[in-house]
Structure formats: structure tokens, C-alpha cells
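Basis for what follows: all heavy atoms, side chains included, without hydrogens, waters or symmetry-related copies. We name chains A, B, ... by the order of the sequence lines, and we start the count at 1 in each one. Note that the structure is predicted; figures quoted are calculated from it, not measured.
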Amino acid sequence: TQLLEQSPQFLSIQEGENLTVYCNSSSVFSSLQWYRQEPGEGPVLLVTVVTGGEVKKLKRLTFQFGDARKDSSLHITAAQPGDTGLYLCAGAPGANNLFFGTGTRLTVIP
Amino acid sequence: GAGVSQSPSNKVTEKGKDVELRCDPISGHTALYWYRQSLGQGLEFLIYFQGNSAPDKSGLPSDRFSAERTGGSVSTLTIQRTQQEDSAVYLCASSSGGGGAYEQYFGPGTRLTVT
């Protein structure tokens, strides 16, 4: 089983604060994705990282893939209420399945 | 173009009954996945179809669960003799290829409640 653990499980912050969400595993992944899910909808892809040490920026979101390709982080700068949702990391050990993490539920309070 | 659609959106069934959940993937997508999501939790992988290859059924929790994909398009997830612990949202996703290099496009899910 390719277990991906995310921390924290729940996070509630004020608008304008910064935050970091972590995704950790003992397994090596060929690639890792981050998704955001809003209530009543399916997850939507934010980013895919494939190279160890890779950093990708998407406006106020910064994603990093660990050098050993076992972990990843998502940093949000100046959080907005629209960032509220369930953040899921997902790792691919090979060419087939994608294993999802346990999720981080973020609430940004106006 | 149309996204992934799932039906029904909600299903309430009595314990012991069989249910069928349907997924219509994006046209042309060769890969199709089924996941289960309990309230507010992460996604639990159930089964994966890729083209004409044998499906990866390694995530199915018991032999009461089965799925098929007809003509490389529509998929049906069947749960026989439903139990209360089967209550969850069942999500379907499709992608243009298999694995983590491809974006998965998710449907809105079917919320299953077993009473």
C-alpha cells in the first residue's frame, strides 16, 4: 500500500495569513499531483510535479517536490476565502495507479 | 466539451440490496478510475481501467464489489448485498493516459446511503 499522509488534517486561518500543507510517504513516486476539492464536487488538479527538488508556482500557491521524491509541500501566501477546500496530494509510484493522500481541510476566515 | 458525468447523483438503498453506479467518461479518454470517499476524507482507490488491458482491481474492498467498462467508454460499478459501511461518495475519474503524469478529470460523484 502506497500510504500518503497529509498534515495538518484540519487548518483554520484568517484571511491574509500564510500556510503550508505537507504530504509525506515512505515510498518513492515518479510524480505527484495536488488537487483541490470543494463540497459536492470532484477534485480538480492544481499541479503535477515530476522532478525531485522541483518547485512550481501558481499565483499565490507554491508546490515543492522533495529531493527523494517521497514528499511534497504546498505553501499558500496571503490566503483568501476562495482558497477554502479539501487539498489532496496524489502520488504515482509508476505508470498506472494514482494513490491519494488523507487530505487537508482548509478554512480561510474572512 | 462535456466532462465526466455520473448517475445517479444520490442513491439511498436498504441493506442487502444491490446497486449500480454509472460513469460516463470524457470522450476519448482511455483511462478510467473509481474511488470511494468517506465524509471529508481522502480518496480510496477501487479499480482502474486502461484501454484494452485487464483492469487493476486491487482496491476493491470485497467480492461484493465489481466493475466493468463496456466498449472502452461507460463504466458501471456494482455493489452487491450492500452494507452500511458501503455508505460513501463514489467518484469516477477519467484521463487521457494512465498514472500520475496525466490529469484526472473527476465527475461530481454518487452519494450512496445504505440504511
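With 3.5 Å as the limit, one finds no donor-acceptor pair spanning the side chains of B:Q104 and A:Q33.
Within residues 64-82 of chain A, no residue has any heavy atom closer than 4.5 Å to a heavy atom of chain B.
A chain of hydrophobic side-chain contacts below 4.5 Å, direct or via other Ile, Leu, Val, Met, Phe, Trp or Tyr residues, connects A:L46 to A:L11. Under the 4.5 Å side-chain heavy-atom criterion for Ile, Leu, Val, Met, Phe, Trp and Tyr, B:L32 and B:F65 are members of the same hydrophobic cluster. In the hydrophobic clustering of ILVMFWY residues, with side-chain heavy atoms under 4.5 Å counting as a link, B:Y33 and B:Y105 come out apart. B:L46 and B:V89 are assigned to two separate hydrophobic clusters, defined by single-linkage of ILVMFWY side chains at heavy-atom distances under 4.5 Å.
Considering only residues two or more places apart in sequence or on other chains, B:F45 meets the ring-ring contact (aromatic ring centres under 6.0 Å, His included) condition with none of them. Remark: A:T107 pairs with no residue by the side-chain hydrogen bond (donor to acceptor under 3.5 Å, both in side chains) rule, at least two apart or across chains.
The environment of CZ in B:R69 is crowded: more than 12 heavy-atom neighbours from other residues, nucleotides or ligands sit within 6.0 Å.
Within the 4.5 angstrom heavy-atom criterion, no atom of B:E44 approaches chain A. At a 4.5 Å heavy-atom cutoff, the contact between B:Y35 and chain A is made by side-chain atoms alone. Interface residue A:L45: backbone and side-chain heavy atoms are both found under 4.5 Å from chain B. Neither the backbone nor the side chain of B:S53 comes within contact range of chain A; no heavy atoms are under 4.5 Å apart.
Note: A:P43 leads A:G42, A:P43, A:G40 in heavy-atom pairs under 4.5 Å with chain B. Per-residue heavy-atom pair counts under 4.5 Å with chain B were compared for A:E41, A:Q6, A:Q9, A:R105, and the maximum is reached by A:R105.
Among residues at least two apart or in separate chains, side chain to side chain donor-acceptor pair (under 3.5 Å) pairs with a member in residues 15-28 of chain B are B:R22-B:D24.
Nearest heavy-atom pair across A:Y35 and B:Y102 is OH-O, 4.5 Å.
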